[in-house]
Amino acid sequence: MSESQLWDAVDDYFIGQLAPDDEVLEAALRDSEAAGLPQIAVSAAEGKLLHLLAQIQGASRILEIGTLGGYSTIWLARALPAGGRLISLEYSPKHAEVATRNLARAGLDKVVEVRVGPALESLAVLADETAGTAENPAPFDLVFIDADKSNNPHYVEWALKLTRPGSLIIVDNVVRGGRVADPDNASPDVQGTRTAIELIGSHARLSGTAIQTVGKKGYDGFALARVLA
């Protein structure tokens with residue numbers, strides 16, 4: 001058995017025991033693939049982790065940057081309490097259309113709002129919407145960043161503006177196949193990820209870590225940061 005086959009076998013065991021088959025989630029993946037979306041959704045194991053983090057956090061307001069077909073969105077939205085809300089930002093109208101159908105089938109279309117357009121523009125609109133609202137100036141309890149990696153540092157900066165002390169910020173796909181450790185790698189996704197990691201490590205209002213993972217999605221990882229006072 002090769003190393004990657006072993007990773008897959010362990011993932012299959014964990015997922016089978018801890019995140020068993022769910023027809024709504026499986027249908028979201030099938031429909032995304034049928035629509036030609038890239039097969040880059042989080043794994044079931046990471047989806048369950050996102051779900052648990054949102055529950056542990058007691059998150060009632062979640063922001064997702066990068067919807068794709070809505071698979072991770074469903075995991076996160078299912079963790080919301082009654083009256084909770086999730087806003088997901090997606091650049092591609094096609095992806096957003098697929099995600100909207102998947103969310104409707106999951107019964108989450110009244111809970112999740114998918115906003116279409118460049119995320120940096122949508123984030124600026126969100127900031128304008130919350131500016132000056134004394135009772136809720138920083139509404140998001142959890143932010144999940146899983147979009148174009150070159151803009152990761154900008155997404156982290158916006159997440160700081162749109163959260164509160166105690167909020168969580170999760171940045172996905174930070175390992176880049178190990179390339180993140182190479183300071184001379186000029187690829188925009190690597191440089192964007194390195195800058196985001198360095199921002200988390202140096203910012204006075206953030207305390208974070210990054211974890212390497214292996215499994216069905218290969219060699220990858222994520223960063224997790226808590227917003228400080």
Side-chain angles (χ1 to χ4, degrees), residues 11-12 14-117 119 122-123 126 139-148 155 159 162-163 167-173 213 215-217 220-224:
D11 240 9
D12 285 338
F14 285 155
I15 290 168
Q17 295 298 314
L18 304 172
D21 289 345
D22 180 303
E23 177 53 32
V24 169
L25 287 165
E26 292 299 320
L29 292 176
R30 287 197 305 270
D31 284 7
S32 296
E33 183 176 8
L37 273 61
Q39 300 304 291
I40 54 174
V42 301
S43 69
E46 187 178 358
K48 184 65 177 289
L49 176 62
L50 292 172
H51 180 85
L52 288 170
L53 287 172
Q55 287 184 319
I56 293 166
Q57 178 70 357
S60 61
R61 294 273 291 172
I62 296 174
L63 173 63
E64 178 182 52
I65 304 174
T67 317
L68 195 60
Y71 182 77
S72 58
T73 320
I74 294 171
W75 276 111
L76 286 165
R78 283 178 167 179
L80 289 167
R85 189 77 174 157
L86 188 154
I87 295 176
S88 189
L89 310 181
E90 174 54 50
Y91 177 79
S92 167
K94 178 182 178 180
H95 295 181
E97 181 181 349
V98 173
T100 299
R101 290 199 302 267
N102 287 332
L103 290 162
R105 180 173 47 226
L108 295 167
D109 48 317
K110 301 295 191 297
V111 176
V112 178
E113 177 187 359
V114 179
R115 298 192 180 188
V116 182
S122 298
L123 288 163
L126 277 175
F140 294 105
D141 306 304
L142 185 149
V143 179
F144 178 50
I145 299 170
D146 189 13
D148 55 309
Y155 296 147
L162 293 165
T163 49
S167 292
L168 294 182
I169 301 171
I170 305 161
V171 186
D172 202 17
N173 308 129
T213 62
K216 286 187 171 297
K217 297 297 180 178
D220 208 335
F222 62 91
L224 174 66

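Positions are given from 1, in the same order as the sequence printed here.
Here the closest non-hydrogen pair linking F140 and I87 is CZ-CD1, 4.1 Å. The shortest non-hydrogen separation linking I62 to A54 is CD1-CB, 4.0 Å. The shortest non-hydrogen separation linking A41 to L68 is N-CD2, 3.7 Å. Of all non-hydrogen atoms in V114 and A96, the two that sit nearest each other are CG1-CB, 3.9 Å. A pairwise comparison of heavy atoms in G69 and N102 identifies O-ND2, 2.7 Å as the closest pair. G84 approaches L80 most closely through the heavy-atom pair C-CD1, 4.0 Å.
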Name each donor-acceptor pair under 3.5 Å that joins a side chain in residues 32-39 to protein atoms two or more places apart or in another chain, with its distance.
residue	atom	partner	partner atom	Å
S32	OG	A28	O	2.7
Q39	NE2	L37	O	2.8

Given side-chain contact (heavy atoms from CB on, under 4.5 Å), test L50 with F222 step by step and report yes or no.
CA-CA 11 Å; L50 292 172; F222 62 91; over 6 Å; no
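In this structure, the side chains of I169 and Y155 stay at 4.5 Å or more apart for every pair of heavy atoms. Residues D109 and T100 are not in side-chain contact: their nearest non-hydrogen atoms beyond the backbone lie 4.5 Å or more apart. Between E97 and E90 the shortest side-chain heavy-atom distance does not fall below 4.5 Å.
Side-chain atoms of Q57 come within 3.5 Å of backbone atoms of D141 as a donor-acceptor pair (strictly under, hydrogens ignored).
Atom OG1 of residue T73 and atom CZ of residue R78 lie 12.0 Å apart, to the nearest 0.5 angstrom. One finds the CD atom of E113 at 10.5 Å from the OG1 atom of T67 (value rounded to the nearest 0.5 Å). Note that the OG atom of S60 and the CG atom of L142 stand 11.0 Å from one another [nearest 0.5 Å]. How far CG of L49 is from OG of S72: 12.0 Å, rounded to the nearest 0.5 Å. Between atom CD1 of residue I145 and atom CD1 of residue I65 there is a gap of 4.5 Å, rounded to the nearest 0.5 Å. Taken to the nearest 0.5 Å, the CG atom of L63 stands 10.5 Å off from the CG atom of L76.
Taking 4.0 Å as the cut-off between side-chain N and carboxylate O, E46 and K216 do not count as a salt-bridged pair. Look at K217 and D172 and you find no salt bridge, because none of the NZ, NE, NH1 or NH2 atoms lies under 4.0 Å from a carboxylate O.
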